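Atom set for the values below is all heavy atoms of this structure, side chains included, hydrogens, waters and symmetry mates excluded. From a predicted model like this one, the values you see are computed outputs, not experimental measurements.
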Amino acid sequence: MLGRVPLFPQKPSLTFAPMFVVLDSLSQPMKAMSPLEELRHSTAHVLATAVLRLFPEAKLDIGPPTDSGFYYDFDLDHRFSAEDLQALEKEMKKVVKERQPFERIETSRDEAETFFQEAGQPYKISRLGDIPEDEAVTFYRNGEFTDLCAGTHVPHTGHIKAFKLLSIAGAYHRGDEKNKQLQRIYGTAFPNKKELADYLERLEEAKKRDHRRVGREQKLFTIDEEVGQGMVLWMPNGAVIRQELQNFIMDELFKQNYEQVFTPHVGKLGLYRTSGHFPYYRDSQYPPLVEPDALESMAHEGCSCSDLTNRLNEGDVDGFLLKPMNCPMHIRIYASQPHSYRDLPVRMFEFGTVYRWEQSGELNGMTRVRGFTQDDAHLFCTEDQLKDEIEGCLDLVKTVFRTLGMSDYRVRIGLRDPDSTKYTGPSENWDKAEQALRELARDLDVPYTEEPGEAAFYGPKIDFVVKDVIGREWQLGTVQVDYNLPERFALEYIGSDNKPHRPVMIHRAPFGSMERFVGVLIEHFAGDFPLWLAPEQVRILPLSDKLVPYGQKLLQKLRSRKFRATLDSHDEKLGAKIRRGRLDKIPYLLIVGGREEEAEEVSVRSRAHGEMGTLPFAQLLSQLEEERETRFYRAAQTDEPNNAKK
RNA sequence: GCCCUUGUAGCUCAGUAGGUAGAGCACGUCCUUGGUAAGGACGAGGUCACCGGUUCAAAUCCGGUCAAGGGCUCCA
């Protein structure tokens, strides 16, 4: 299919490259490109040059640098294949060899538009319209390829020494799914071949700690077609981790005077009409469950599907909803009895399972699922208590991250979009809440960004965001202020003035969802969990069959002290058992031979510290207990037997 | 939901030009009783995702469905 002769475009063609203007429509000043961005951006131009040589009819959109490389979007009837990428790389190498200088040309808006018309590049015309009136219109030219571009670029294409095209993906023009879907080619470039090779190797390494892979290897969870997409089945090993995390957070919640509640998985539609979740968010909910009698009588009347939908929306027919959120039920608990200002704040928590109809293309292992359990809580407080309560929530999140040794996260403050009117609640309250969030974020000692327009419609929020092994960002912990639901449910407390007042609500979840958090945690630890979390904490390795009875005696003792321990009674040599134990990432391997049996000792090999020599068993037990109780964490050594072998 | 790719044993993968399947690891049995990252022998294990079509013959070619992966869009 690539038998076609590489053609040079008959007509000039342009690329509008200044992504910063296009993507950040907020009128920020143009950021200067770093040398690496410049290199990658130039490589994107070289890609476009090559594409036009091989596919002169291609329509070009934009080709900016990204965090890890660059991409370029094309509109073309021919579908790019893996072979095409190879051919394009080859062509790009030619362009590089030609050492084409990048030339900056300033032009007028009219000239540029004429140029696009002649080149038959409609996306460019559209992009041209994005350039602010007071900004110059500039082209960059390399060889036969001319591109609308704000720059900047390396001096000539010969500077591009190490690049690789990585993948093809669909991407909507201007990121809008109503627009045509273009073909995006992703690639990356580095100053030299070594750095490129290192990057590609890091990508490979990262895949080894992918939670989907580790989850399978360590039997933590599975997702089964017959159960449903996006439905996580926690296997025994995964259940241990989840339970330990829940125990951990419950210890902290006890210190902060939270109270636990339990609520059902379904609730009446009316409840969610009051809260506003139904039908407003219907697209991301499981369809409602309709009462059998109602369904039957509607069938008799010959109602269509859309009739049913309308009646459900209008509230003419009642039904139940698999709960998309826990808050309405917690609110009903609050509302079940009168509250004095002396009772506040009320802090109610639940590991509450919710269900959301995520788009099938969005599902991802444990990090994006259709049913998940939030470590949810709702705080009902007075306006005066708000700041302290938020602070308490943030402390909780910090404790979680610190205990688990997670330091690589960022904080996002979601604020109102100043131009929008979709927000509920008095704006003075918003001002106060936003100000409080800002001040508290400042004290967190963590990089944070303020993002206008990222607030929920009911209140501002603070999110904790971490990256997975592939660099995708996931929101974990969140603290959200809510002025809306107390209003909708007409919540009250009696103030010191003996009059009813409206409480403020805080939604918060330090882990976010157990599924997503554990998914991220698996990658954080690369499956190498600290003692308190490890599904199998200790494994006893008898030197031979003869030592199995002694091993069993130790096993009994460990289990009576509530350690998750096993005995490896396989008929293998010690070396093989150790190897297996290391691969299974068991924190402690206890080797027992005749010498140890005589002295009531064990030879200890720890995942974190390697060989620790021989210890009296009783002493080891208390050391392990201390490590477990303090939830001690220390990064393990990273030797991998697989690598060692090669 | 949309675009592209993929779908062979529990896992990682072979399977040449269509002729009803192989390897390594894991697993089981036996031999071996071994001191800090793989001892040996034998064995069991697969409706080649599913449905349909072409063909004398389909893991292999074609169509559809489902699922997974990478993006895009979305995420109360």
Partner lookup for [N], please. Criteria are Watson-Crick or G-U wobble with both distances under 3.5 angstrom; report none if nothing qualifies.
N	result
B/G24	B/C11
B/A41	B/U29
B/U65	B/A49
B/A57	none
B/G18	none

Query raised in the report: With respect to A/His507, which candidate in A/Phe349, A/Tyr458, A/Tyr483 satisfies the ring pair (Phe, Tyr, Trp, His ring centres under 6.0 Å) definition?
Result: A/Tyr458
Give a yes or no on whether a salt bridge exists between [X] and [Y], defined as a side-chain N under 4.0 angstrom from a carboxylate O.
X	Y	result
A/Lys553	A/Glu597	no
A/Asp528	A/Lys585	no
A/Asp130	A/Arg174	yes
A/Arg202	A/Glu205	no

Between [N] and [M], how many Å separate the two [atom1] atoms, rounded to a whole number?
N	M	atom1	answer
B/G70	B/G52	P	32 Å
B/C61	B/A17	P	11 Å
B/A58	B/C62	C1'	11 Å
B/G19	B/U12	P	26 Å
B/G28	B/U54	P	47 Å
B/U8	B/G15	C1'	9 Å
B/C2	B/A59	P	30 Å
B/C74	B/C3	C1'	16 Å

Tell whether [X] reaches the base of [N] with its side chain through a donor-acceptor pair below 3.5 angstrom.
X	N	result
A/Asp571	B/U33	no
A/Glu225	B/C66	no
A/Arg174	B/C72	no
A/Tyr172	B/G1	yes
A/Gln183	B/G71	no
A/Ser81	B/U5	no
A/Arg184	B/C72	no

Query - Sequence-distant partners of A/Asn364, side chain to side chain contact (heavy atoms under 4.5 Å, CB included), two or more places apart - result: A/His211, A/Arg212, A/Thr367, A/Arg368, A/Arg472, A/Trp474
Report summary line: In numerical order, the residues of residues 322-330 of chain A whose heavy atoms come under 4.0 Å of RNA chain B are A/Pro324, A/Met325
Query raised in the report: Does any residue of residues 542-549 of chain A have a heavy atom under 4.0 Å from RNA chain B, and if so, which ones, in number order?
Result: A/Leu543, A/Ser544, A/Asp545, A/Lys546
Donor-acceptor contact below 3.5 Å, side chain [X] vs main chain [Y]:
X	Y	value
A/Arg273	A/Lys268	no
A/Arg539	A/Leu589	no
A/Glu523	A/Ile470	no

Report task. Starting from the 5' end of RNA chain B, give me the residue, A/Ala456 or A/Glu217, whose nearest nucleotide shows up first. Result -> A/Glu217
**Report entry** 5' priority, RNA chain B, between A/Leu574 and A/Arg516 [closest heavy atom]
**Finding:** A/Leu574
**Report entry** Aromatic ring proximity A/Phe55/A/Phe80, centre distance under 6.0 Å
**Finding:** yes
Query - Verdict with supporting geometry, A/Gln229 and A/Ser360, side-chain hydrogen bond (donor to acceptor under 3.5 Å, both in side chains) - result: CA-CA 8 Å; A/Gln229 283 184 287; A/Ser360 61; 5.0 Å; no
Report summary line: Per atom distances to the A/Ile578 side chain, the nearest of B/A38, B/U36, B/G70 is B/U36
